[in-house]
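Because only heavy atoms are used, hydrogens play no part in the values below, and waters and symmetry mates are left out as well, while side chains stay in.
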Amino acid sequence: MNLALIATLAGSLLLAAPAIAQDGAPKKPKTMQEMTAYLAANPPRPISPASESSIPLSSAGSAGTEVWVEMFGHRVVRNVTQPALYPLRPAPGKANGAAVIIAPGGAFLSLAFDNEGLMVAKYLAEQGVTSFVLKYRLDTTPVESGQFLKVVGERMRGADPRRTHRDADESRAIPLAQEDGLAAVRWVRAHAADYGIDPARIGIMGFSAGGMTAMNVATAYDAASRPDFVGVIYGASPQRAVPKDAPPVFVAVAADDGIMAYASVPIFEAWRAAGRSAELHVYSAGEHGFSMRNVGTSADHWNEHFVQWLKGGKIIP
C-alpha cells in the first residue's frame, strides 16, 4: 500500500503534511500500520466546528453530526450530513465578478477543509475571485480515529489505482455530493447579485474526491446548475458522455500520482474528442494531494497555472 493511496483514502490531508518524529525530524508514515501507530500515539485533536460563516444548502441533516479535528495544523471534518457553503470575498474593490465553488477531497470519508478548501479560497480571493468552499455530504464513519482508519482500510482493499474512471459504486456519498455540487451552483447563481458576481462566470473546482464531484457536476447539470468553467485537481470523471455544451475544463495531476494519474488524463482526452475546450497539466512529481502545500516540484505552481488559464479564457481580467 503506497503513500499516495493512503493519503487519498485517509483523507487528502492526513499524509499531506509531514509527521514529526520524537527526535524532531520530519517523518512521513509509509504504511497503514505506521499511520495507525502514529495516530494512536498522537490522536487528532478534536476542535470546535469552523467559525467561518456558512450557508446551509439543505434543511436536511444536521451540523451536529460532524466531527472536526485538527491534523498537522489543519482542520478536517467528517460525518457531514448537512451540506453548506463557506463564502470568502475578495478585499473591497478587488472583486472581478468571477466566482468558484471549491470542493475539498478526502475519499468521501472526510474533507480537507483548510488544505483543499479555505487556503485555495484565500489564494483565489487575492486574484479577485469570490469563492465558496463546499462542505458536501460524506459517508458515515466512526468518531474514534482508530476505528475510522479501519473503515479507510476496508475501502482500500478493492481499490485499483489504474482505473480510468470512478463511479458511484465506490461510495454511497458520491451521488449525494453530486447533488450538493449542483445545488451549490444553483445557489450561487441565484444569489449572484448579492455578491457582485456575474452569473455567467460561476465555476466549480475540486481536489481528489472533490474533483470527482466537480466532474459529476460537469456532466449532469441543467440550465440553472451548469458551471461556466471546471477545475479538476487530481480528480476523475464518471463514465458519461461529454455534454454538447460542456464548460471548459482545467486538469492538473502529478505523473507519480498512484491514484488519479490514470483517471485525470482521460478527462482531457474526452473533452478534446467532443470538441470542447480543455487544458491539461501533468507535473513530473508531486504524488497525490499536493494542493496548497509545498512539495518542492513544479506541482507547487498549479494554482498560478489555473489563474493563467482563467485569464486566457476571459473568465477574469
Side-chain angles (χ1 to χ4, degrees), residues 12 52-55 57 83-91 94-105 111-136 177-178 180-219 221 224-235 246-252 267 271 277-279 281 291-292 301-317:
S12 296
E52 290 84 359
S53 61
S54 64
I55 303 159
L57 286 173
L85 287 172
Y86 290 78
L88 185 68
R89 296 188 179 199
K94 197 166 186 177
N96 55 36
V100 65
I101 295 153
I102 303 167
L111 295 178
F113 183 80
D114 284 335
N115 204 37
E116 294 177 345
L118 200 62
M119 292 170 66
V120 180
K122 288 179 178 178
Y123 173 79
L124 292 175
E126 293 173 357
Q127 319 306 316
V129 179
T130 302
S131 298
F132 299 82
V133 178
L134 174 61
K135 185 177 67 178
Y136 54 87
Q178 173 182 305
D180 298 341
L182 293 167
V185 176
R186 291 190 192 100
W187 191 94
V188 173
R189 184 160 285 132
H191 295 82
D194 299 334
Y195 288 84
I197 293 169
D198 179 351
R201 287 190 287 146
I202 298 170
I204 186 169
M205 68 182 301
F207 301 78
S208 193
M212 294 169 60
T213 298
M215 283 307 300
N216 284 341
V217 169
T219 54
Y221 53 80
S225 60
R226 179 187 180 275
D228 298 301
F229 60 93
V230 181
V232 188
I233 317 302
Y234 43 86
V249 64
F250 173 96
V251 183
I267 298 170
W271 247 242
S277 177
E279 181 161 317
H281 293 257
S291 59
M292 294 299 287
H301 302 283
W302 75 266
N303 51 343
E304 299 166 32
H305 300 152
F306 180 65
V307 169
Q308 290 172 350
W309 176 75
L310 292 176
K311 291 178 178 179
K314 310 300 182 185
I315 296 168
I316 64 176

Nearest 0.5 angstrom please: M215 CE to I204 CD1, how far?
11.0 Å

Keeping the roles fixed (side chain from K94, backbone from E126), state whether a donor-acceptor pair exists under 3.5 Å.
yes

Judged by atom type as modelled, is there a donor-acceptor pair below 3.5 Å linking the side chain of W271 to the main-chain atoms of P247?
yes

side-chain contact (heavy atoms from CB on, under 4.5 Å), that's the test. Do L124 and F306 meet it? Break it down for me.
CA-CA 10 Å; L124 292 175; F306 180 65; 4.2 Å; yes

For V120, does its backbone N or O pair with a side-chain atom of N303 as donor and acceptor, under 3.5 Å?
no

Sorted by chain and residue number, the side-chain contact (heavy atoms from CB on, under 4.5 Å) partners of A121 (sequence neighbours excluded) come out as L88, I102, S131, V133

Kindly write out the residues that satisfy side chain to side chain donor-acceptor pair (under 3.5 Å) with N216, not counting sequence neighbours, or none if the list is empty.
none

So if I apply the side-chain contact (heavy atoms from CB on, under 4.5 Å) rule between V230 and each of V249, T219, I267, which one comes out positive?
V249

Could you list the residues that satisfy side-chain contact (heavy atoms from CB on, under 4.5 Å) with H301, not counting sequence neighbours?
E304, H305

Got a sec, which residues hit salt bridge (charged side-chain N to carboxylate O under 4.0 Å, His left out) with E52, two or more places apart in sequence or on another chain?
R75

Show every donor-acceptor pair shorter than 3.5 Å between a side-chain atom in residues 182-197 and any protein atom, with sequence neighbours excluded, or say none if there are none.
unit_1, atom_1, unit_2, atom_2, d
R186, NH2, D222, OD2, 3.4
R189, NE, P199, O, 2.9
R189, NH1, A224, O, 3.0
R189, NH1, R226, O, 2.9
R189, NH2, P199, O, 3.3
R189, NH2, R226, O, 3.0
R189, NH2, D228, OD2, 2.9
H191, ND1, W187, O, 2.8

Just jot down the ring pair (Phe, Tyr, Trp, His ring centres under 6.0 Å) partners of Y221, sequence neighbours excluded, or say none.
none

Is there a side-chain contact (heavy atoms from CB on, under 4.5 Å) between H281 and W302 once you walk through the steps?
CA-CA 8 Å; H281 293 257; W302 75 266; over 6 Å; no

